[in-house]
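Step one of this worksheet: look at the structure below.
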Amino acid sequence: MLQFYNSLTRKKEPFIPIEEGKVKLYTCGPTVYDTAHIGNFRTFLFEDFLKRVLIARGYKVFHVMNITDVDDKTIKKTVEEGKSLSEITSHYTDLFNHDLKTLNILPADHYPAATNHVDDMIKMIEVLIEKCHAYKTDDGSVFFKIESFKDYGVLTHINMAEIQQSDRVDSDEYGLDNPQDFALWKAYKEEDGDVAWDSPWGKGRPGWHIECSAMSMAFLGDHFDIHCGGVDNKFPHHENEIAQSVCASDTPFVNTWLHSEFLMVDGGKMSKSLGNFYCISDLIEKGFAPGEIRYIMLSGHYRTKINFTLDKQHEAKASIQRIQSLKDRLQDLKENSSDEYPDEKSNYDTALENDLDAPNSLALFFDWVRATNSALDKDALSRDDVAKGLNFISYFNDVFGVLPDSGRIPQDVMDLVSKRETARQNKDWAKSDKLRDLIGSKGWVVKDTPDGPKLSSK
RNA sequence: GGCGUCGUACCCAAGUGGUCUAAGGGAACGGUUUGCAAAACCGCUAUUCGCCGGUUCGAAUCCGGCCGACGCCUCCA
């Protein structure tokens with residue numbers, strides 16, 4: 001039984017999709033004003049993991065991830081660089097897509113861009129005004145009236161009365177009924193340049209939260225199964241989404257809210273001034289394999305903070321290689337295929353079904369790895385066990401996606417290996433060792449096994 | 001100030017009332033194997049779970065206090 005910790009109820013609860021066998025999933029995507037960093041990707045990788053587990057457990061997943069391509073930050077960038085909004089956003093959207101591919105993240109069914117759904121947002125705002133959940137201010141902006149939604153704060157348990165007294169709220173917005181009311185539509189300002197849409201309230205642009213409500217509704221309907229994001233989006237973003245959506249449609253909005261914790265770097269916040277600010281391309285340049293990045297991000301539970309450090313690459317590499325080398329051993333012995341799995345799969349599944357308990361499922365998987373290696377050493381594995389084992393590794397990798405694609409071995413490396421074999425036959429160990437170093441310098445490791453030399457990439 | 005998370009070995013990280021003298025991975029060391037390696041396997045590395053009290057027959061797990069780290073509180077995943 002699949003169970004998730006629902007941020008809304010703050011409890012672990014059985015997952016029951018609205019429509020049997022299908023899951024409608026919405027995940028908050030990037031704001032395309034800059035390159036997404038590894039903190040962003042922790043969340044996207046968590047969502048990928050969730051989706052892969054759902055698929056592995058037999059659900060058909062319909063996944064929508066938005067692209068925020070108009071907001072304060074994108075507009076600011078436009079002004080800074082003297083480019084058009086679409087030039088900026090298409091550039092960073094391309095980079096984002098590239099990183100998704102690099103990290104082997106399963107593509108969503110749709111990546112709607114906010115600017116393509118302004119009409120949907122306007123319609124939704126009109127409904128909210130009609131129902132007296134929103135009001136227009138003198139400058140032509142529209143705000144959501146928090147008071148009008150009695151459940152405001154269900155997600156974050158925020159007490160609006162107290163916040164009002166907080167020093168941190170600077171009321172630079174005039175004409176609001178309540179300083180906490182949030183913008184659905186922002187009236188055009190000089191600094192917006194040519195970024196504007198016509199609306200019943202005049203020229204302007206949508207507020208941030210409304211896009212997710214409008215687009216999730218457009219693709220997934222009023223009421224759907226799972227909505228994910230990083231913890232920092234709980235307030236105000238998701239709280240506001242709930243308010244808008246519920247008030248507009250008069251139906252429940254999302255059944256299960258899942259939030260992933262923050263990524264820390266070197267024990268603290270990632271920041272450019274500390275020099276610990278990394279994007280995916282930075283890590284690839286530093287020699288990280290995509291699978292290693294995935295392993296680091298996925299090996300901690302999604303609801304705990306993980307601390308990213310460069311030296312974790314070593315750990316990830318070693319763990320992945322351990323799995324890969326077992327796979328190679330089994331592959332060499334494979335004689336038949338099978339649809340079955342080792343018995344250990346059942347506990348592994350149970351761990352994943354328990355709120356995506358990746359650390360535990362990894363531990364169980366490595367238990368099996370050791371047991372299987374041990375059996376192989378004693379030559380005690382049947383043909384069926386070999387086939388089942390390969391299935392298990394492939395099933396494991398369907399969810400974690402950390403094993404490297406089996407790369408082709410370059411011809412020059414193959415030649416060096418056969419030269420070395422000749423040297424070894426002649427017991428010319430000095431030459432043999434030299435050749436091994438040379439092969440190593442080309443990025444490959446030779447292992448001498450009773451069945452001859454085996455190559456693996458470093 | 002409000003809300004919330006966390007503190008387990010050299011490092012990462014499970015476990016949340018008894019089966020815990022605490023999984024799993026990395027690292028170090030010793031051994032088997034190997035021409036030497038690599039990989040693999042075996043052994044070894046916390047009688048103890050930030051500290052102090054309390055509840056209980058029994059706590060890493062519950063309660064209280066303290067110390068420490070981190071996050072959110074209007075646009076940051």
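Just so it is clear, the values below take in all heavy atoms, side chains as well, and ignore hydrogens, waters and symmetry mates. All of these numbers come straight from a predicted model, not from anything done at the bench. Each chain gets a letter, A, B and so on, in the order the sequences are listed, and its residues count up from 1.
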message: Base contacts versus sugar-phosphate-only contacts with protein, heavy atoms under 4.0 Å: please encode nucleotides 5-12 of chain B as B, S and - from 5' to 3'.
response: B------B
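A salt bridge links A/Asp72 with A/Lys186: at least one charged nitrogen is closer than 4.0 Å to a carboxylate oxygen. With respect to the salt-bridge test (charged N to carboxylate O, under 4.0 angstrom), the residues A/Glu261 and A/Arg303 do not qualify.
A distance cut-off of 5.5 Å between ring centres, combined with a plane angle under 30°, leaves A/Phe366 outside any stacking arrangement with the base of B/G24.
Sorted by first and then second residue, the salt bridge (Lys or Arg N to Asp or Glu O under 4.0 Å) pairs with a member in residues 143-158 of chain A read A/Lys145-A/Asp177; sequence neighbours excluded.
Side chains of A/Glu241 and A/Ser213: a donor-acceptor N/O pair is absent below 3.5 angstrom, by distance only.
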Table please: side-chain donor-acceptor pairs of residues 364-374 of chain A below 3.5 Å, with sequence neighbours left out.
| from | atom 1 | to | atom 2 | distance (Å) |
| --- | --- | --- | --- | --- |
| A/Asp367 | OD1 | A/Arg370 | NH2 | 3.2 |
| A/Trp368 | NE1 | A/Thr372 | OG1 | 3.2 |
| A/Thr372 | OG1 | A/Trp368 | O | 2.7 |
| A/Asn373 | OD1 | A/Arg329 | NH1 | 2.8 |
| A/Asn373 | ND2 | A/Val369 | O | 3.4 |
| A/Ser374 | OG | A/Lys378 | NZ | 3.3 |

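A/Lys77 pairs by the side chain to side chain contact (heavy atoms under 4.5 Å, CB included) definition with A/Asp34, A/Glu80, A/Glu81, A/Ile88, A/Tyr92, not counting sequence neighbours. When the side chain to side chain contact (heavy atoms under 4.5 Å, CB included) test is applied to A/Asp282, the partners found at least two apart in sequence or on another chain are A/Tyr278, A/Cys279. Scanning for side chain to side chain contact (heavy atoms under 4.5 Å, CB included) contacts around A/Pro236 gives A/His209, A/Asn240, with sequence neighbours left out. By the ring pair (Phe, Tyr, Trp, His ring centres under 6.0 Å) test, A/His227 is found to be paired with A/Tyr26, A/His238, A/Trp257, residues two or more places apart in sequence or in another chain being considered. Scanning for side chain to side chain contact (heavy atoms under 4.5 Å, CB included) contacts around A/Ala387 gives A/Asn336, A/Ser338, with sequence neighbours left out. For A/Lys419, the side-chain hydrogen bond (donor to acceptor under 3.5 Å, both in side chains) criterion is met by no residue, not counting sequence neighbours.
B/C67 and B/C76 have their C1' atoms separated by 30 Å, given to the nearest Å. For the C1' atoms, the distance from B/U61 to B/U8 is 12 Å, rounded to whole Å. If you take atom C1' in B/G43 and the same atom in B/U33, they sit 15 Å apart, rounded to whole Å. Rounded to a whole angstrom, the distance from the C1' atom of B/U45 to that of B/G31 is 16 Å. For the C1' atoms, the distance from B/G24 to B/G15 is 11 Å, rounded to whole Å. The C1' atoms of B/G4 and B/C51 are separated by 22 Å, rounded to the nearest whole Å. Taking atom P in both B/A14 and B/A59, one finds a spacing of 24 Å when rounded to whole Å.
Spacing between atom CG of A/Leu364 and atom C1' of B/G25 amounts to 13 Å, rounded to whole angstrom units. Taking atom OH of A/Tyr295 as the reference point, atom P of B/G24 lies 13 Å away to the nearest angstrom. Rounding to whole angstrom units, CZ of residue A/Phe44 and P of B/C76 are separated by 13 Å. As rounded to whole Å, 12 Å separates atom C1' of B/A14 from atom CG of A/Asn354. The distance from atom NZ of A/Lys76 to atom C1' of B/C75 is 13 Å, rounded to the nearest whole Å. The CG-C1' distance, from A/Asp367 to B/G15, rounds to 14 Å in whole Å. Put simply, CG on A/Asp71 is 11 Å from P on B/C75, counting in whole angstrom units. Between A/Glu421 atom CD and B/U34 atom P the separation is 16 Å, expressed in whole Å.
Base-pairing analysis of RNA chain B finds the following stems of at least three consecutive Watson-Crick or G-U pairs, with both pairing distances under 3.5 Å: B:1-7 with B:67-73, B:10-12 with B:24-26, B:29-32 with B:40-43, B:50-54 with B:62-66.
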Under 3.5 Å, which protein N or O atoms sit close to an N or O of nucleotides 38-41 of chain B? Give each pair with its distance.
| from | atom 1 | to | atom 2 | distance (Å) |
| --- | --- | --- | --- | --- |
| B/A40 | OP1 | A/Arg322 | NH1 | 3.4 |
| B/A40 | O3' | A/Asn373 | ND2 | 3.3 |
| B/A40 | O2' | A/Arg329 | NH1 | 3.3 |
| B/A40 | O2' | A/Asp377 | OD1 | 3.2 |
| B/A40 | O2' | A/Asp377 | OD2 | 2.7 |
| B/C41 | OP1 | A/Arg322 | NH2 | 3.1 |
| B/C41 | OP2 | A/Arg322 | NH1 | 3.1 |
| B/C41 | O4' | A/Asp377 | OD2 | 2.9 |

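For A/Phe182, taking side-chain heavy atoms from C-beta onward, the closest of the listed nucleotides B/G35, B/U74, B/A14 is B/U74. When distances are taken from the side chain of A/His314 to each of B/A77, B/G35, B/A27, the shortest belongs to B/A27.
Looking at heavy-atom distances under 4.0 Å, A/Leu263 makes contact with a base. A/Phe262 comes within 4.0 angstrom of a nucleotide base, judged by non-hydrogen atoms across all strands. Residue contacts shown for A/His301 are limited to sugar-phosphate atoms, with no base heavy atom under 4.0 Å away. Heavy atoms of A/Arg205 sit nowhere under 4.0 angstrom from any nucleic acid atom. A/Asp232 comes within 4.0 angstrom of a nucleotide base, judged by non-hydrogen atoms across all strands.
The main-chain N or O of A/Thr74 is found under 3.5 Å from a side-chain atom of A/Thr78 such that the two form a donor-acceptor pair. In this structure, A/Glu239 contributes its side chain and A/Thr156 its backbone to a donor-acceptor pair below 3.5 Å.
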query: Taking it one step at a time, do A/Glu211 and A/Thr68 satisfy side-chain hydrogen bond (donor to acceptor under 3.5 Å, both in side chains)?
result: CA-CA 8 Å; A/Glu211 66 170 270; A/Thr68 300; 3.0 Å; yes
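Figure legend: cation-pi geometry between A/Lys345 and A/Tyr341, with NZ or CZ positioned under 6.0 Å from the six-membered ring centre and within 45° of its axis. A/Tyr33 carries A/Lys73 over the face of its six-membered ring, with the cationic atom under 6.0 Å from the centre and within 45° of the normal.
Scanning atom types as modelled, no donor and acceptor separated by under 3.5 angstrom connect the side chain of A/Asp357 and the base of B/G15.
Remark: A/His37, A/Gly39, A/Asn40, A/Thr43 in residues 28-43 of chain A come within less than 4.0 Å of RNA chain B through at least one heavy atom.
When the nearest nucleotides of RNA chain B are assigned to A/Ala430 and A/Val231 by heavy-atom distance, the more 5′-ward of the two goes with A/Ala430.
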